Amino acid sequence: QVHLVESGGGLVQAGGSLQLSCAVSGRTINKNDMGWFRQAPGREREFVAHIGWQYGNTNYVDFVKGRFSISRDNDKGMVYLQMDNLEPEDTAVYYCAADRGNIYYLNRYPYRIYEYDYWGQGTQVTVSS
């Protein structure tokens, strides 16, 4: 059973920073693509960032490029999301997700919700203006 637990959320002022962590247990993540998604009140869950298992390639949705950075530590079973220059529009519950593993995404990367098989419970991020 794969278990993901997010942490690091909280209340921060606009322009501030937070680092989210995702701890994965139940299996190693050496061959899993990992992603971060978020869901704001009244809105659908949306893709934020991705990191591949094979090359460590990263991908971001446009509205976080240059502000957010995803990273991973396979040995520790951890995935991180560093969020800088936060804006009130970043307020949401942030979710960590893992695909089923051993997938080769030829010339693309997973950004759709259904492409991820394992999810955490989420951590709340609130950015005040």
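Here the structure is a predicted model, which is why all the values come from computation and not from measurement.
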Met83 and Asp90: side chain to side chain contact (heavy atoms under 4.5 Å, CB included), yes or no, with the steps?
CA-CA 10 Å; Met83 306 186 296; Asp90 296 317; over 6 Å; no
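- At least one side-chain heavy atom of Arg72 sits under 4.5 Å from a side-chain heavy atom of Ile29.
- With sequence neighbours excluded, the residues that form a side-chain contact (heavy atoms from CB on, under 4.5 Å) with Thr58 are Ile51, Tyr60, Ile70.
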Dump the intermediate steps for salt bridge (charged side-chain N to carboxylate O under 4.0 Å, His left out) on Arg108 and Glu115, then the final yes or no.
CA-CA 12 Å; Arg108 65 174 298 272; Glu115 295 181 294; 2.8 Å; yes
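- Among Tyr109, Tyr111, Tyr55, the single residue meeting the ring pair (Phe, Tyr, Trp, His ring centres under 6.0 Å) criterion with His50 is Tyr109.
- The two atoms that bring Ala98 and Met34 nearest to each other are CB-SD, 3.4 Å, heavy atoms only.
- In this structure the side chain of Val2 reaches within 4.5 angstrom of the side chain of Val24, judged on heavy atoms.
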Are Gln54 and Lys31 close enough, and set up right, to give a side chain to side chain contact (heavy atoms under 4.5 Å, CB included), and what steps lead you there?
CA-CA 7 Å; Gln54 192 175 16; Lys31 293 190 176 182; over 6 Å; no
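- A side-chain donor-acceptor contact under 3.5 Å links Thr123 to the backbone of Gly9.
- Looking at every heavy atom in both residues, Pro110 comes nearest to Tyr116 through O-OH, 2.8 Å.
- At distances below 3.5 Å, not a single donor-acceptor pair connects side-chain atoms of Asp117 with backbone N or O atoms of Asp99.
- A chain of hydrophobic side-chain contacts below 4.5 Å, direct or via other Ile, Leu, Val, Met, Phe, Trp or Tyr residues, connects Leu4 to Tyr95.
- Using a 4.5 Å cut-off on side-chain heavy atoms (C-beta onward), Met78 and Ser21 make contact.
- Under a hydrophobic-cluster definition in which Ile, Leu, Val, Met, Phe, Trp and Tyr are linked whenever side-chain heavy atoms come within less than 4.5 Å, directly or via other members, Leu11 and Tyr94 are assigned to different clusters.
- Between the side chains of Asp73 and Tyr80, no donor-acceptor pair is found at a separation under 3.5 Å.
- Taking the six-membered ring for Trp and the full ring otherwise, Phe37 and Phe47 have centroids separated by under 6.0 Å.
- Aromatic ring centres of Phe68 and Trp36 lie farther apart than the 6.0 Å criterion allows.
- A distance of 9.0 Å separates CZ of Arg38 from OG1 of Thr91, quoted to the nearest 0.5 Å.
- Residues Asp84 and Gln82 have side chains that bring a donor and an acceptor to within less than 3.5 angstrom of each other.
- Residue pairs satisfying the disulfide bond (SG atoms under 2.5 Å apart) criterion with at least one member in residues 14-123, sequence neighbours excluded, are listed as follows: Cys22-Cys96.
- Note that OG of Ser129 is 9.0 Å distant from CD of Gln13, once rounded to the nearest 0.5 Å.
- At least one side-chain heavy atom of Leu20 sits less than 4.5 Å from a side-chain heavy atom of Val125.
- Hydrophobic clustering of Ile, Leu, Val, Met, Phe, Trp and Tyr side chains at less than 4.5 Å, counting indirect connections, keeps Ile113 apart from Tyr105.
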Does the pair Asn30 and Trp53 meet the rule for a side chain to side chain contact (heavy atoms under 4.5 Å, CB included), with working shown?
CA-CA 6 Å; Asn30 302 50; Trp53 67 266; over 6 Å; no
Could you walk me through whether Asn59 and Lys65 pass the side chain to side chain contact (heavy atoms under 4.5 Å, CB included) check?
CA-CA 9 Å; Asn59 296 280; Lys65 284 181 180 177; over 6 Å; no
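- Note on Val79: it clusters hydrophobically with Val93, by side-chain heavy-atom contacts below 4.5 Å among ILVMFWY residues.
- Stacking of Arg100 on the aromatic ring of Tyr118 is not recorded, the 6.0 Å distance cut-off and the 45° axial limit not both being met.
- Proximity of a side-chain donor or acceptor of Arg67 to a complementary backbone N or O of Asn85 within less than 3.5 Å is detected.
- Heavy-atom contacts from other residues, nucleotides or ligands closer than 6.0 Å to CD of Gln121 number 12 or fewer.
- Other residues, nucleotides and ligands contribute over 12 non-hydrogen atoms within 6.0 Å of the CZ atom of Arg112.
- For Val12, the side-chain contact (heavy atoms from CB on, under 4.5 Å) test picks out Leu18, Leu86, Val127, with sequence neighbours left out.
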